[in-house]
S.K.: 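To start, I am sharing the structure in question, which I have written as structure tokens.
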Amino acid sequence: MQDGRTTLSKFLIDTLDRQPCAAGTAQNAGLSALLIDVAAAIKSISAMLTKGALGGHYGSAHSVNTHGEEQKKLDVATNEVFVQHCEWDGLLAAMASEEMERVYTIPQHYPRGDYLLAFDPLDGSSNIDINGVVGSIFSVLRHVDDRPADAEEPVGESAFLRPGREQVAAGYAIYGPSTMLVLSVGNGTHGFTLERDIGNFVLTHSNIRIPAETAEFAINASNERFWEPPVRRYVQECKDGRTGCRTEDFNMRWIASMVAEVHRILMRGGVFMYPRDSKTPGMHGRLRLLYEANPMSFLVEQAGGLSITGRERILDVVPHTLHGRVPVILGSRNEVERIGRYHGEYDRGEDQPFTSPLFGRRSLFLPGFTA
Ligand code: AHG
Ligand code: MN
Ligand code: MN
């Protein structure tokens, strides 16, 4: 660009289309065009959200999604925006979304491409009615299909059930005071800010790095009684602050939008946890693997952070269902490693002094206890 700024299009063409040695340059044909269509969907959603209550999109859609959650009008409308912007371009074989029960195969009147797009069109949608921060999250996989190409046949759920490490691109939009697109195609995590009057995403945060050290954590503390002992141990130690074993004070945040939490962590470090809990029997986490945990884990790892379930790397988890959930602990490397270590110690029974009820907070055996 003449003014020296890098637009999203320029970044993608330079990164994906013009680098002879870029990871899979030839294999990634069309990926830049697909991401530009995703960005167009995001601009459209940003414009919709900026109108607020005046846009006529507030309130309930009076329907329930596949997770049993009430859909807001904006959940439905933003889903439609993603579908409309991305179905026609001949780059996708299928889409999957939090708001669609089944895989959406590209209709026959459009050409079918080699990519799969999974997305959460509106993350943190409980924040809509309070004019709080929301986002969109997306993940791109290559469609691995051994069967002969047959445009008649719908794409099955199994096409999406790939571990997150196979993602070729992932990103999110954050609709805050400014709209940003944060993206990785496997060469670092980069942030673009929407220049509203022109309609361009401009590279403003190149090669984001998450500091390894942090003293800030995010968790929905109202679920504490449902957490596993290693998570209770970690959070208790943070809350004990400088008078406890961590010997420093920690800060806590909870925005109820994973996008906003991850964005804060990318900007200044921190840990985000939606851990395994026993709140809903049979549901071992809150966040969905394919279109929440995987893309965010990809971005976090590309920025030098870590993302685990507590017991394994999220990007190595093999999905079993389209809408499957997973515990998520991500962010600054040293803290996530510590929480992973606490899970290991708990599983091996090595953490009795920390997690036994006898040594709980109110225990007489707690070092330094004074009645
Ligand atoms: P969604 O709005 O797409 O359903 O996702 C909301 C998720 C996530 O963004 C956030 O971290 C979490 O749910 C909030 O959970 P609580 O309701 O427990 O705060
Ligand atoms: Mn979400
Ligand atoms: Mn959502």
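Given the structure is predicted, the values throughout are model-derived calculations rather than measurements. As a basis for the values below, the full set of heavy atoms in this structure was taken, side chains included, without hydrogen atoms, waters or symmetry mates. One-based numbering, in listed order, for ligands and for the atoms of each.
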S.K.: Around atom 15 (O) of ligand 1, find the nearest protein heavy atom and jot down its residue, atom name and distance.
M.R.: Tyr274 CE1, 3.4 Å

S.K.: Quickly, which of Asn65, Asp120, Asn79 forms a side chain to side chain donor-acceptor pair (under 3.5 Å) with Ser97? Name it, please.
M.R.: Asn79

S.K.: Only heavy atoms of Ala256, strictly under 4.0 Å: list the atoms of ligand 1 that pass.
M.R.: 10 (C), 14 (C), 19 (O)

S.K.: Check this for me - ligand 1, Met258, N or O atoms closer than 3.5 angstrom, yes or no?
M.R.: yes

S.K.: Name the closest protein heavy atom to atom 19 (O) of ligand 1, giving the residue it belongs to and the distance to 0.1 Å.
M.R.: Trp254 NE1, 2.9 Å

S.K.: Heavy atom of Leu287 under 4.0 Å from ligand 1?
M.R.: yes

S.K.: In terms of atom number and element, which parts of ligand 1 are under 4.0 angstrom from non-hydrogen atoms of Leu122?
M.R.: 2 (O), 3 (O)

S.K.: Would you mind listing which atoms of ligand 1 come within a distance below 4.0 Å of any non-hydrogen atom of Glu292?
M.R.: 3 (O), 5 (O)

S.K.: How far is atom 17 (O) of ligand 1 from its nearest protein heavy atom, and which residue and atom name does that atom have?
M.R.: Arg286 NH2, 4.2 Å

S.K.: By the ring pair (Phe, Tyr, Trp, His ring centres under 6.0 Å) test, which pairs, at least two apart or in different chains, include something from residues 255-281?
M.R.: Tyr172-His263, Trp254-Phe272, Trp254-Tyr274

S.K.: Measuring only between side-chain heavy atoms, which start at C-beta, is Arg233 closer than 4.5 Å to Pro230?
M.R.: no

S.K.: Determine whether His323 and Leu290 make a side-chain contact, defined as any pair of heavy atoms from C-beta on separated by less than 4.5 Å.
M.R.: no

S.K.: May I ask you to identify the nearest protein heavy atom to atom 5 (O) of ligand 1, giving residue, atom name and distance to one decimal place in Å?
M.R.: Asp123 OD1, 3.2 Å

S.K.: Under 4.0 Å from any heavy atom of Asp120, which atoms of ligand 1 are there?
M.R.: 3 (O)

S.K.: Which atom names give the shortest non-hydrogen contact between Gly269 and Ile210, and what distance separates them?
M.R.: CA-CG2, 4.1 Å

S.K.: Taking 4.0 angstrom as the limit and counting only heavy atoms of Ser125, give me the atoms of ligand 1 inside it, by number and element.
M.R.: 2 (O)

S.K.: Testing the basics here: between Ala33 and Leu91, what is the closest heavy-atom pair and its distance to 0.1 Å?
M.R.: CB-CD1, 3.7 Å

S.K.: Counting no waters, what protein N/O/S atoms lie under 2.8 Å from the Mn ion (ligand 2)?
M.R.: Asp120 OD2, Asp123 OD1, Glu292 OE2

S.K.: Below 4.0 Å, non-hydrogen atoms only: which portion of Asn220 touches ligand 1? Side chain, backbone, both or neither.
M.R.: side chain

S.K.: Please classify the Lys72 to ligand 1 contact at 4.0 Å (heavy-atom distances, strictly less than): side chain, backbone, both or neither.
M.R.: neither

S.K.: Between Phe82 and Phe138, does the ring centroid distance fall short of 6.0 Å?
M.R.: no

S.K.: Kindly compute the distance separating CG (Leu287) from CZ (Arg325), expressed to the nearest 0.5 Å.
M.R.: 8.5 Å

S.K.: If you measure every N/O of Asn223 against every N/O of ligand 1, is any gap under 3.5 Å?
M.R.: no

S.K.: List the atom of Leu117, the atom of Cys86, and the distance in Å for their closest heavy-atom pair.
M.R.: CD2-SG, 4.0 Å

S.K.: Under 3.5 Å, is there a donor-acceptor pair linking the side chains of Ser297 and Arg313?
M.R.: no

S.K.: Supply the members, apart from Val271, of the Ile/Leu/Val/Met/Phe/Trp/Tyr cluster built from side-chain contacts under 4.5 Å; use none for a lone residue.
M.R.: Phe217, Ile219, Trp227, Val231, Tyr234, Val235, Phe250, Met252, Met273, Leu306, Ile308, Ile329, Val336, Ile339, Tyr342

S.K.: Where's the contact between Glu98 and ligand 1, heavy-atom distance under 4.0 Å: side chain, backbone, both or neither?
M.R.: side chain

S.K.: Could you measure the distance from the CZ atom of Arg253 to the CD atom of Glu216? Nearest 0.5 Å is fine.
M.R.: 5.0 Å

S.K.: For Arg288, counting its heavy atoms only, list the atoms of ligand 1 lying under 4.0 Å from any of them.
M.R.: 1 (P), 3 (O), 4 (O), 5 (O)

S.K.: Work out which heavy atom in Lys43 is nearest to a heavy atom in Gly199; give both atom names and the distance.
M.R.: NZ-O, 2.6 Å

S.K.: Applying a heavy-atom cut-off of 4.0 Å, say which part of Tyr291 lies close to ligand 1: side chain, backbone, both or neither.
M.R.: neither

S.K.: Does any non-hydrogen side-chain atom of Ile42 lie less than 4.5 Å from one of Tyr175?
M.R.: yes

S.K.: Under the rule for side chain to side chain contact (heavy atoms under 4.5 Å, CB included), what residues qualify as partners of Pro295, not counting sequence neighbours?
M.R.: Ile137, Ser139, Gln167, Ala170

S.K.: Do any nitrogen or oxygen atoms of Val259 come within less than 3.5 Å of a nitrogen or oxygen of ligand 1?
M.R.: no

S.K.: Do Ser257 and ligand 1 have an N or O pair less than 3.5 Å apart?
M.R.: no

